[in-house]
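Note on naming: letters A, B, ... go to the chains in the order of the sequence lines (proteins, then strands), and numbering restarts at 1 for each one. Computed over heavy atoms, backbone and side chain alike; hydrogens, waters and symmetry mates excluded.
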Amino acid sequence: MAQSATPTKNPPARNPFAADIDDAIVWLKSFIELAGLRNDRDLAWGLFGAGLHALRDRLPDAVAIHLGAQLPTLVRGLYYADWDLKETPRKERHKKPFLDRLDGAVVANKSDPERIARATFGVLRERIDAGEVAKVLRHLPRELRQLW
Amino acid sequence: MSKHTVIDKTEDEARLWLQAVERELDLSRPACFVALRVALHFLRDRLTEQDAVDVANRLPVLIRGIYYEGWTPSRMSKNDFMRKAARGFRAHAELSKTEQVLSGCFRAFARCLAPEYADTVSVMLPKNVRLLWPEPSPPPAPAHLQDWHWG
């Protein structure tokens, strides 16, 4: 007879992904609030992704990876989508060219890139350790730090 | 009734990967979930940074989040990882055959990826780990041989 599951301290959840989904929803709600969006999760997810990608691509690889480690699982999956190491890190020193990098959903929905960037960074500031935020900020030029 | 959002879709896609692992390993769901995580990290840590990122871009978003968990790019030796994997599997007696579990997961991954990309991954892997990845599918026979029946 095949053995049954070994008893562990935490009884197996029927849906092992449930906690990851819940964590991502908490982050997304925070983003929706800070960006002042309607409660449209699909749209918000795309906009949040655009904000995260612009930041990721502006950071040196090692710092981008360090930031990735601070995110909840599903948000991390969004953050790392379509990463191209050959194209990064980007070097924008000023707000305008940086904000121009927010593409995809931002462009498609004619959203204000500055509002999306500020909301994205606002979520990070709210939800990750202040020391980790400081590490990220050290690698950004002054004009981009002011978006935080 | 709430709408099926993009977040719900990420869960559906991830579940397909877990189910593929369950089919290959034929073990309990909690054991397969542990195996899925450890095998994703095993794959990631046996690739160059560039290839690890390339593979990640092919994964469904939630699976990609699991894949990148705790990533510090460094190519870990196979033996070091096997020891690490065995520790990760320790809580589940079902997962005692580390190498079998990893190769079962790799078969599941290869099935979930586009077939030609599964072959690309095989080439990215160092030789001693490639043995655990399913062999590339042979190219189709030339047209003039396709109707040939042996015996």
[atom1]/[X] to [atom2]/[Y] distance, rounded to the nearest 0.5 angstrom?
X	Y	atom1	atom2	answer
F17(A)	E13(B)	CZ	CD	11.0 Å
D84(A)	D54(B)	CG	CG	9.0 Å
D42(A)	K9(B)	CG	NZ	5.5 Å
E11(B)	L74(A)	CD	CG	9.5 Å
I66(B)	R76(A)	CD1	CZ	9.0 Å
L28(A)	I7(B)	CG	CD1	5.0 Å

I'd like to know if [Y] and [X] are part of one continuous hydrophobic network [Ile/Leu/Val/Met/Phe/Trp/Tyr, side-chain heavy atoms within less than 4.5 Å].
X	Y	answer
L85(A)	Y79(A)	yes
L131(B)	M124(B)	no
V107(A)	F48(A)	no

Worksheet entry | Side-chain touch I65(A)/E49(B), heavy atoms, less than 4.5 angstrom | yes

Practice prompt. Check whether any side-chain heavy atom of N15(A) sits under 4.5 Å from a side-chain heavy atom of R15(B), and report yes or no.
Written response: yes

More than 12 heavy atoms of other groups within 6.0 Å of [X] [atom1]:
X	atom1	value
D80(B)	CG	yes
R90(A)	CZ	yes
E135(B)	CD	no
E33(A)	CD	no

Chain A contact via [X] - side chain, backbone, both or neither, heavy atoms under 4.5 Å:
X	result
L18(B)	side chain
A31(B)	neither
T10(B)	side chain
P73(B)	side chain
F33(B)	side chain

By a 4.5 Å heavy-atom criterion (distance strictly below it), what part of [X] contacts chain B: side chain, backbone, both, or neither?
X	value
W83(A)	both
D20(A)	side chain
A81(A)	both

Item to complete: Compare every heavy atom of V6(B) with every heavy atom of R41(A), then report the nearest pair and how far apart it is.
Response: O-CG1, 4.3 Å

Item to complete: Quick one: closest heavy-atom pair of P16(A) and R29(B), and the distance?
Response: CD-CD, 4.1 Å

Worksheet entry | Donor-acceptor pair, side chain of N57(B) and main chain of D82(A), under 3.5 angstrom | yes

Discussion item. Taking side-chain contact (heavy atoms from CB on, under 4.5 Å) as the definition, give me every residue that meets it alongside L137(A), ordered by chain and number, with sequence neighbours left out.
Written reply: R125(A), V133(A), L140(A), R145(A), W148(A)

